[in-house]
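Notes follow the structure.
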Amino acid sequence: MEENTKERSLNFVEEIIENYLSEHPGAHIQTRFPPEPNGYLHIGHAKSICLNFGLAQRYGGKCNLRFDDTNPVKEDTEYVDSIKEDIKWLGFDWALERYASDYFDQLYVWAKQLIEKGLAYVDDQTQEEIRLGRGTISEPGRESPWRNRSVEENLRLFEEMKNGSYADGEKVLRAKIDMAHPNMLFRDPIMYRILHTEHHRTGNKWCIYPMYDYAHGESDSIEHITHSICTLEFDVHRPLYDWFIAQLGIFPSHQYEFARLNITYTVMSKRKLLQLVKEHFVNGWDDPRMPTICALRRKGYTPASVRAFAERVGVAKRDNVIDLSLLEYCVREDLNRTAERRMAVIDPLKVVITDYPEGKSECFEAVNNPEDETVGKRSVPFGREIYIERADFMEVPPKGYYRLSVGSEVRLRYSYLIKCQEVVKDTEGNIVELHCTHDPLSGGGSSSDGRRVKGVIHWVSAADAVKAEVRLYDNLFAKESPDDVEEGKTFLDYLNPDSLVVKTAYCEPSLLCAKVGDKFQFERVGYFCVDPDTTADSLVFNRTVTLKDTWAKLQKK
RNA sequence: UGAGCUAUGGUGUAAUUGGUAACACAGCAGAUUUUGGUUCUGUCGUUUUGGGUUCGAGUCCCGAUAGCUCAACCA
């Protein structure tokens, strides 16, 4: 992919890989992206996807997609499908599609081997007893009374567990390690629990299911994963990951951890995202305000922009919070190059060109994309009555304002120079209409006398305007770090009440042909894309991101 | 009986592995511009702290401090 060829220094994972490659001449790397199919992927996963698949591409290796489906109570094929769709949309393809559940038979055999080696036992304690027995962070745990059962008894019990002789929670299989270990995970971790639950792939074949710690390393090993890359919170799991592989004597996969992605003005935890959806603070997983991949797609982000973002945030081990502005920069950078320009008025104010003949109309040529001549030009109709943006007129213009005001002249983009002569107000004093005159010699380009006008505003012919619903999105949260909650509050208290504003816009008629997913720059306003809610007789646009607005910034000061 | 991980401008990430701390985003100022967009130029500002080793330390050593992770039959 083009952005991978750019020169830049190596991140720490790439350094590890280059060392590995130089120490193993002729070897190739194998990575994997291992989501649990229990929810939708978000931008944090996109970073992981770009890392795992990107590394494989860059170093001539392979990357598998492996669903970590060891907990049937939370998982579903619905999520499997959405995950695959998102990865493909991002522009990646996996070598092998695998499931941890593909390995249930092998995992069961290995568990019996560990029992035979005296390294695992069946524990009859209740969940509560096990929890208490584990001790705490500063006190050692206690050994289970069932810890020293014979190999034969453990083997028999484990098989009975598998055969369904026990109810959920009655027994577990535990690794026999060290109940006083400073790493809590080594205090006889649970390897298998009983779950009489149908699995989305194995159906009712199994009623015992392996835990993450027991399944993950072995699954990596089976696939000969050379570099098992995960996020920092799994750091404490690595010794256990290595322990199982060592005890079994199987292919030595190795785990490396990087810091997960955080972005300002949003949350990234699956739990919180689920709550936003379930409690209808947003309209589903693909609500464009969500940080999910499907939401970004719907909002109008391009795969290339998300990839570029993943590349720019870097890979390191320290906790980080990326400025949302970087994500926005990435999508603007891409869309500026690729999105065709159109004119649309979001907050309309009618303008009558009083000296333009009634009933007359004409067309002006407009450049589709100044960054890309190959996409040509289009024709935009003009008439006596047009709409302009309310913000493009001010009765009392502040210093530095060079749009329209009474007596001032502006350029209508691609069209005439107009001068405002009169403001028409309703009985309450609201501006309802502007009366302007035009310079008939200024159409499209130069002015008759070479005078230059600084202000250029966009417009739409009233007679030809196409109405569209535009959904203007802002940050979901009003607080930069909604995860940092003050006493007595929750992250929900920081939701931005204005994260979605819906307006009816007047669009130039060429937009009538726009299809779902099409992306445009509405000149001087922002990037927009056609939402799937669009029907034959109603156009709906999502605002992907605004244009940079230096003027608005100046005004805030 | 606590263990592990991490500390570099506002935010991220680098630093040829001990040799002038740089790049991007954000900010600020200006130029260009029929988008207050784009582009271009300039500018602001950085090694948590205290010792030590060394001609020389962001990098090595020792000690503090701060942040994060771990006590699900979740992943």
Side-chain angles (χ1 to χ4, degrees), chain A residues 8-11 34-36 38 68-71 73-75 100 123 125-127 130-132 134-141 168-174 180-187 190-195 208-209 211-213 215-216 230-239 257 259 264 270 312-330 332-333 336-337 341 343 366-367 370-371 400-403 410-415 417 442 444-446 452-458 521-526 546-555:
Chain A
R8 54 158 182 67
S9 52
L10 302 180
N11 63 50
E36 182 186 15
N38 71 342
D68 229 333
D69 56 351
T70 56
N71 185 0
V73 310
K74 292 166 73 182
E75 295 149 6
D123 195 344
Q125 292 184 105
T126 63
Q127 187 165 346
I130 289 176
R131 187 175 64 78
L132 263 17
R134 191 149 30 223
T136 70
I137 239 157
S138 53
E139 307 158 37
D168 289 6
E170 231 178 293
K171 286 180 166 47
V172 290
L173 183 73
R174 290 231 255 173
H181 199 104
N183 182 341
M184 297 293 291
L185 291 166
F186 272 69
R187 323 248 263 223
I190 291 170
M191 293 166 60
Y192 273 93
R193 75 289 215 187
I194 300 170
L195 254 21
I208 56 169
Y209 291 93
M211 298 285 289
Y212 168 85
D213 280 307
H216 200 90
C230 61
T231 46
L232 241 34
E233 65 269 27
F234 291 97
D235 172 276
V236 286
H237 295 250
R238 178 168 16 93
E257 311 85 19
T264 54
K270 214 176 247 185
R312 278 170 183 270
V313 296
V315 181
K317 286 179 92 89
R318 69 184 115 159
D319 294 330
N320 62 81
V321 186
I322 308 293
D323 266 338
L324 216 213
S325 61
L326 182 63
L327 216 210
E328 296 183 335
Y329 169 83
C330 289
R332 283 193 192 108
E333 189 191 36
N336 177 50
R337 278 186 0 250
R341 316 285 123 125
M343 291 200 285
V367 172
E371 309 291 322
Y401 186 83
Y402 47 76
R403 273 109 99 149
V410 293
R411 160 77 60 190
L412 292 177
R413 177 132 237 230
Y414 305 119
S415 176
L417 252 19
S442 66
S446 56
R452 299 189 54 191
V453 168
K454 184 142 189 172
V456 178
I457 64 175
H458 61 282
Q521 182 196 103
F522 289 173
E523 292 211 48
R524 303 208 310 131
V525 179
T546 60
L547 249 32
K548 275 213 294 196
D549 192 344
T550 312
W551 171 246
K553 202 182 288 171
L554 281 172
Q555 279 192 305

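Chain identifiers are assigned alphabetically (A, B, ...) following the order of the sequence lines, protein sequences preceding nucleic acid strands; residue numbering begins at 1 within each chain. Everything quoted here is computed from the prediction, not taken from an experiment.
Nearer the 5' end of RNA chain B, as judged by each residue's closest nucleotide, is the contact made by A:Asn183, out of A:Asp213 and A:Asn183. Position along RNA chain B of the nearest nucleotide to A:Ile457 versus A:Asp68 favours A:Ile457 as the more 5'-ward residue.
Residues A:Leu195 and A:Ile208 fail the side-chain proximity criterion, which asks for heavy atoms closer than 4.5 Å. For the pair A:Gln125 and A:Arg174, the minimum side-chain heavy-atom distance is below 4.5 Å. Side chains of A:Cys230 and A:Arg238 form no contact here, defined as non-hydrogen atoms less than 4.5 Å apart. Side-chain contact check for A:Thr126 versus A:Arg131: every heavy-atom pair is 4.5 Å or farther apart. Side-chain atoms of A:Arg452 and A:Lys454, non-hydrogen and from C-beta on, never get closer than 4.5 Å to each other. Within the 4.5 Å cutoff, no side-chain heavy atoms of A:Ile190 are placed close to those of A:Asp123.
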Would you tabulate the pairs of protein nitrogen or oxygen atoms and nucleotide nitrogen or oxygen atoms of nucleotides 63-66 of chain B closer than 3.5 angstrom?
none

Heteroatom pairs (N/O) under 3.5 angstrom, protein to nucleotides 71-74 of chain B:
residue, atom, partner, partner atom, Å
B:C73, OP1, A:Arg134, NH2, 3.4
B:C73, OP2, A:Arg134, NH1, 3.3
B:C73, OP2, A:Arg134, NH2, 2.9
B:C73, N4, A:Gln125, O, 3.3
B:C73, N4, A:Gln127, N, 3.1
B:C73, N4, A:Gly169, O, 3.1
B:C74, OP2, A:Arg193, NE, 3.1
B:C74, OP2, A:Arg193, NH2, 2.8
B:C74, O3', A:Arg193, NH2, 3.1
B:C74, O2', A:Asn71, ND2, 3.1
B:C74, O2', A:Lys74, NZ, 3.0

Please write out each protein N/O paired with an N/O of nucleotides 41-46 of chain B under 3.5 Å, distance rounded to 0.1 Å.
none

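Atom NZ in A:Lys553 sits about 12 Å away from atom C1' in B:G37, given to the nearest Å. If you measure from atom CZ of A:Arg411 to atom C1' of B:U35, you get 13 Å, rounded to the nearest angstrom. We find that CD of A:Glu333 is positioned 13 Å from C1' of B:U39, with the value rounded to whole Å. Remark: P of B:G37 and CZ of A:Arg524 are 11 Å apart, rounded to the nearest angstrom. Look at CD on A:Glu139: it is 19 Å from P on B:C70, rounded to the nearest Å. In this structure, the NZ atom of A:Lys454 is 14 Å from the C1' atom of B:G37, given to the nearest Å. Between the CZ atom of A:Arg341 and the P atom of B:G37 there is a distance of 13 Å, given to the nearest Å. One atom, CD of A:Glu257, and another, C1' of B:C68, lie 14 Å apart when rounded to the nearest Å.
Atom P of B:A64 sits at a distance of 35 Å from the matching atom of B:G45, rounded to the whole Å. Comparing the same atom, C1', in B:U46 and in B:A24 gives a spacing of 15 Å after rounding to whole Å. To the nearest whole angstrom, the two P atoms, one in B:G67 and one in B:C55, are 38 Å apart. Nucleotides B:A75 and B:U6 have their P atoms positioned 26 Å apart, rounded to a whole Å. A gap of 16 Å separates the P atoms of B:A21 and B:A15, to the nearest Å. With both ends at atom P, the span from B:G42 to B:U48 equals 29 Å, rounded to whole Å. Taking the C1' atom of each, B:C25 and B:A14 are spaced 15 Å apart, rounded to whole Å. Only the C1' atoms considered, B:U49 is 26 Å distant from B:C44, to the nearest whole Å.
Among B:U38, B:G2, B:U35, the nucleotide with an atom closest to any side-chain atom of A:Lys548 is B:U38.
With sequence neighbours left out, the salt bridge (Lys or Arg N to Asp or Glu O under 4.0 Å) criterion links A:Arg318 to no other residue. Scanning for ring-ring contact (aromatic ring centres under 6.0 Å, His included) contacts around A:His458 gives an empty result, with sequence neighbours left out. Legend: residues meeting side-chain contact (heavy atoms from CB on, under 4.5 Å) with A:Lys74, ordered by chain and number and at least two apart, are A:Glu36, A:Asn38, A:Asn71. Considering only residues two or more places apart in sequence or on other chains, A:Pro239 meets the side-chain contact (heavy atoms from CB on, under 4.5 Å) condition with A:Asn183, A:Phe186. Applying the salt bridge (Lys or Arg N to Asp or Glu O under 4.0 Å) criterion to A:Lys270, with sequence neighbours excluded, gives no partner residue. Not counting sequence neighbours, the partners of A:Glu233 by the side-chain contact (heavy atoms from CB on, under 4.5 Å) test are A:Thr231, A:Arg260.
One distance of note links CZ of A:Arg341 with CD of A:Glu523; it measures 7.0 Å at 0.5 Å rounding. Atom NE2 in A:His237 sits 5.0 Å away from atom CG in A:Leu185 (nearest 0.5 Å). Interatomic distance, A:Arg524 CZ to A:Leu547 CG, rounded to the nearest 0.5 Å: 10.0 Å. Remark: A:Tyr329 OH to A:Lys548 NZ distance equals 8.5 Å, nearest 0.5 Å.
Within the 4.0 angstrom heavy-atom criterion, base atoms lie near A:Tyr401. Counting non-hydrogen atoms under 4.0 angstrom, A:Pro370 reaches a base of the nucleic acid. The residue A:Arg332 sits apart from the nucleic acid: no heavy atom pair falls under 4.0 Å. A:His237 comes within 4.0 angstrom of a nucleotide base, judged by non-hydrogen atoms across all strands. Counting non-hydrogen atoms under 4.0 angstrom, A:Phe234 reaches a base of the nucleic acid. Within 4.0 Å (heavy atoms only), A:Gly400 reaches at least one base atom of the nucleic acid.
Within the 3.5 Å criterion, the main-chain N or O of A:Thr546 finds a donor-acceptor partner in the side chain of A:Arg332. A donor-acceptor distance shorter than 3.5 angstrom exists from the side chain of A:Arg411 to the backbone of A:Ser442, with no hydrogens or angles considered.
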Intra- and inter-strand pairs of RNA chain B in dot-bracket (Watson-Crick or G-U wobble, both distances under 3.5 Å; | for another strand): .((((((..((((.....[..)))).(((((.......)))))....(((((..]....))))))))))).....
What is the per-nucleotide protein-contact pattern of nucleotides 4-17 of chain B, from the 5' end, where B denotes a base atom under 4.0 Å from a protein heavy atom, S denotes such proximity for sugar-phosphate atoms only, and - denotes neither? SSS-B-BSSSS--B
Using atom types as modelled, flag every donor-acceptor pair under 3.5 Å from a side chain in residues 321-328 of chain A to any protein atom, sequence neighbours excluded.
none

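With its glycosidic angle within 90° of 0, B:U17 is assigned syn. Using a 90° window around 0 for the glycosidic torsion, B:A64 falls outside it and is classed as anti.
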